[in-house]
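To keep things clear, I will list the structure first and then write my remarks on it.
It should be emphasised that the depicted structure is a prediction, and the values quoted were computed from it without experimental measurement. Naming: A, B, ... by sequence-line order, numbering from 1 per chain.
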Protein chains: 2
Amino acid sequence: MSSPCSRHPHPHRLIQQPLTELTEKLRSKSRKITAPRQAILEVLRRHQHPITNKEIHAALGTADCDLATVYRNLHTLEDMGMVRRFDFGDGVARFELLEEGDDGHHHHLVCTDCSAVVEVEGCFPTELEQALARRHGFTRVTHKLEFFGLCPKCAPAAPASA
Amino acid sequence: MSSPCSRHPHPHRLIQQPLTELTEKLRSKSRKITAPRQAILEVLRRHQHPITNKEIHAALGTADCDLATVYRNLHTLEDMGMVRRFDFGDGVARFELLEEGDDGHHHHLVCTDCSAVVEVEGCFPTELEQALARRHGFTRVTHKLEFFGLCPKCAPAAPASA
DNA sequence: ACCATGGATGCAATCGATTTGCATCCATAA
DNA sequence: TTATGGATGCAAATCGATTGCATCCATGGT
């Protein structure tokens, strides 16, 4: 779960939207613009990969706020459609800030060793999903999909040596 | 999370392998054949869909054994490749007993309302997975995929009325 | 600018799933 | 039959997440 690999930069999720626009969105939905809330949004804005409540809390630094407040705010932001929740199957929720108009539906390739994350471009073909829905009479069908493997830096041994 | 819908039978996962073969597999890997273990295997054998630790514990009935023992045994069985763990994203682990030679890789379509489960035939195209692995230098790439929606019995309103 | 008010926060307690320490037990091999 | 290491029961501990409650304060109305 530590991240030696996450050091090397992947070109993902550079949020262009300034903090002011984000807080404005809060105001427009009659949410108060508080210090903890702004700080949390700023942390999310700077992060390029899904981040946990605890990580957000740790990153808050000076603008310290209670961990429970972080949890509550992420629920709020999720309800507002400003962040998307991801589940990497390790029992910890992770969140990504969404740009205006982005529904955030995408997937990740996660290193099972160092937790390095690559955002997966493109998505699972929806035809299969629709066929599934039709075949079984389900409606409003969505899916959760994440890929797992060993990243280059965590690969077992040098491929060309020995 | 209750299951009004799970009543109507889906023709899935009828485990043919008798209990004796399963316990034999335990013996072959120098695992002791204890009463709790046999009872747990029998519960798993009868179940056609992923089942939680607590559900297994509840189903044990007479052959009551400690919940911690259920947890420990499912880890053991998972390590032995006899069961497969599934994650429906609700923070509870579920397990399916595997037939001899089955690696258990498949997916489910789960009703978000009543938790009815349909086993999804076929699997996500591995080409995309391999392309992903190649593109990012990952090895041993796998994936987790589950579908979610509303089952026919939980659908909002009668489609033909009103 | 002032006030009232409901949302927001801090703090501690609680919850639910899962794990673990430890003493005891027992299935199995010698 | 014995010893022995795995297995179990029980309780305590972990861990992520939620919640009750008193207090606070951002914001709208005046």
Query raised in the report: Between the side chains of B:Glu96 and B:His106, is a donor N or O closer than 3.5 angstrom to an acceptor N or O?
Result: yes
Query - Toward the 5' end of DNA chain C, by each residue's nearest nucleotide, B:Lys54 or B:Lys32 - result: B:Lys54
Requested in this report: Name the orientation class of the two ring planes belonging to B:Phe138 and B:His136 (parallel below 30°, tilted from 30 to 60°, perpendicular beyond 60°).
Outcome: perpendicular
Report task. Identify, residue by residue, the members of residues 67-83 of chain B with a heavy atom below 4.0 Å from DNA chain C, and return them in order of residue number, or none. Result -> B:Ala68, B:Tyr71, B:Arg72, B:His75
Query - Close side-chain approach of A:Asp102 and A:Arg84, heavy atoms under 4.5 Å - result: no
Requested in this report: Starting from the 5' end of DNA chain C, give me the residue, B:Arg27 or A:Asp66, whose nearest nucleotide shows up first.
Outcome: A:Asp66
Requested in this report: Over 60° means perpendicular and under 30° means parallel, so classify the ring planes of B:His105 and B:His143, tilted if in between.
Outcome: perpendicular
Report task. Identify the 5'-most and 3'-most nucleotides of DNA chain C with at least one atom closer than 4.0 Å to a non-hydrogen atom of chain B. Result -> C:dA17 to C:dT28
Query - 5'-most by nearest nucleotide on DNA chain D - A:Asn53 or B:Arg31 - result: B:Arg31
**Report entry** Flag side-chain contact, heavy atom, 4.5 Å: A:Val83 against A:Leu44
**Finding:** yes
**Report entry** Atom CZ of B:Arg140: over 12 foreign heavy atoms under 6.0 Å
**Finding:** no
Query raised in the report: Should the pair B:Arg94-B:Glu146 be classified as a salt bridge under the 4.0 Å nitrogen-to-oxygen rule?
Result: no
Query raised in the report: Would a line drawn from the ring center of B:His107 to the ring center of B:Phe147 be shorter than 6.0 Å?
Result: no
